[in-house]
Amino acid sequence: MSVETSAVGKTYAPVTYAIGREKVREYANAVGETNPLHLDPTAARAAGYADVVAPPMFAVVYQSPSVTPGLFDPEVGIDFALMVHSGQELTWARPVVAGEEITTTTTVAAIAERGGMGFFDFEVVSRDGDGEIVCTGLWKMIVRGS
Amino acid sequence: MAHFEPGERLPDLTVTPDRFLTVRYAGASGDYNPIHIDEEFARSVGLPGRILHGLWSMAQVARAQTEAAGGPDKLLSLSVQFRGMGVLEQELTVTSTVRAVEDGVATIAAEARQGDTRIVRNAVARVVAE
């Protein structure tokens, strides 16, 4: 396959995600978290948090609505049927809690072709209501040759 | 705060995804790709059946680290590669080994496998250490 690299550097409009208590609990239960910080507001408050704490990997929940437009952007050119999520990097500045609003921006970081496959990396930055970074991510996709 | 020694093997995390796990994770995460929730569709695109979400498997690697380190605030970063397909109703094991401890941060190498299939490879976590 051949890839078109003109979209490298393209940034999509920010997406704001409101973290809800029941969504955190639903996610925590789905991934098997048993730490009461994620499930019990009383336990979370006793530990100094304003509400239940999102598990670190909840970052993919608030980041994915920002990444999705890039995956379907014709200028990026991913054939979604042939795409696999090949790698994921996340860096956390602090835990986030229910009640916060997190705003995420995605940029096309790299597009390359090697060995007949396309490699697409998306750089993702999530900030809290004060504009401080809470999590950064690198979402890595491979598109198999058709 | 947890104390880590280079070379130390952290406790394994084991979990067996039940047959409806991918449905619950799809709802929790918003990832409704039918390869995870529709048996017929998954087979029609050449898969053995519905497969696990890679990010659910990554969450198991993350959970092994936060449980060893003493809480969600201790995980500073995690990078992984997804390779083999994860399947339902088969035990998944996360193994983790401390590679280095420097300036209060432990670097931990980890992977997640089901039987002989490594589904999360070359995971590297940085966690707050004593």
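Each chain gets a letter, A, B and so on, in the order its sequence line appears, and its residues count up from 1. None of the values given here were measured: they were computed from a predicted structure. Hydrogens, waters and symmetry mates are skipped; everything else that's a heavy atom, side chains included, is used.
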Chemist: Counting C-beta onward and ignoring hydrogens, is there a side-chain heavy-atom pair between A:Pro55 and B:Pro72 closer than 4.5 Å?
Modeler: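 SC-SC contact between A:Pro55 and B:Pro72 ruled out.
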Chemist: Linking I/L/V/M/F/W/Y whenever any side-chain heavy atoms sit under 4.5 Å apart, do B:Val127 and B:Val101 land together?
Modeler: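 Same hydrophobic cluster.
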Chemist: Highest number of heavy-atom pairs under 4.5 Å with chain B: which of A:Met57, A:Gln88, A:Lys23, A:Glu26?
Modeler: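 Max contact count across the listed options: A:Gln88.
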Chemist: With clusters defined by side-chain heavy atoms of hydrophobic residues (ILVMFWY) lying less than 4.5 Å apart, directly or transitively, does A:Val143 cluster with A:Val84?
Modeler: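 No, because A:Val84 and A:Val143 fall into different hydrophobic clusters, even though each may have its own neighbours under 4.5 Å.
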Chemist: Are A:Phe80 and A:Met117 grouped together when hydrophobic residues (ILVMFWY) are joined by side-chain heavy atoms under 4.5 angstrom apart?
Modeler: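 No, separate clusters.
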Chemist: With a 4.5 Å cut-off on side-chain heavy atoms, are A:Trp92 and B:Leu76 touching?
Modeler: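 No, every pair of side-chain atoms sits at 4.5 Å or beyond.
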Chemist: Taking atom CZ of A:Phe58 and atom CG of B:Leu55, what is their separation to the nearest 0.5 Å?
Modeler: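 Reported value, rounded in 0.5 Å steps: 13.0 Å.
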Chemist: Closest heavy-atom contact between A:Leu90 and B:Met58?
Modeler: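 Looking at all heavy atoms of both residues, the shortest contact is CD1-CE, 4.2 Å.
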Chemist: Can you name the closest pair of heavy atoms from A:Thr34 and B:Glu67 and give their distance?
Modeler: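 Shortest heavy-atom separation between A:Thr34 and B:Glu67 comes out as OG1-OE2, 4.5 Å.
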Chemist: Decide if atom CD of B:Glu102 counts as having more than 12 heavy atoms of other residues, nucleotides or ligands within a radius under 6.0 Å.
Modeler: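 For B:Glu102, atom CD is not crowded (no more than 12 foreign heavy atoms under 6.0 Å).
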Chemist: Between A:Ile133 and A:Val15, is there shared hydrophobic-cluster membership here, with clusters defined by ILVMFWY side-chain heavy atoms closer than 4.5 Å?
Modeler: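 Not linked; separate clusters.
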Chemist: Please give me the minimum heavy-atom distance between B:Thr66 and A:Glu33, naming the atom from each residue.
Modeler: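 Reported closest heavy-atom pair: OG1-OE2, 4.4 Å.
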Chemist: So for A:Val60, is it side chain, backbone, both, or neither that comes closer than 4.5 Å to the heavy atoms of chain B?
Modeler: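 The side chain, not the backbone.
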Chemist: Tabulate, in ascending numerical order, the residues of residues 5-44 of chain B having at least one heavy atom closer than 4.5 Å to a heavy atom of chain A, or enter 'none'.
Modeler: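 Listed by number: B:Leu21, B:Arg24, B:Tyr25, B:Gly27, B:Ala28, B:Ser29, B:Asn33.
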Chemist: Could you tell me whether a side-chain N or O of B:Arg63 sits under 3.5 Å from a main-chain N or O of A:Gly32, the two making a donor and an acceptor?
Modeler: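 Present.
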Chemist: Using the rule that Ile, Leu, Val, Met, Phe, Trp and Tyr join whenever any side-chain heavy atoms are under 4.5 Å apart, tell me whether A:Leu82 and A:Phe119 fall into a single cluster.
Modeler: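 Different clusters.
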Chemist: What are the residues of residues 77-87 of chain B, in order of number, with any heavy atom under 4.5 angstrom from a heavy atom of chain A?
Modeler: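 The stretch touches chain A at B:Ser77, B:Leu78, B:Ser79, B:Val80, B:Gln81, B:Phe82, B:Arg83.
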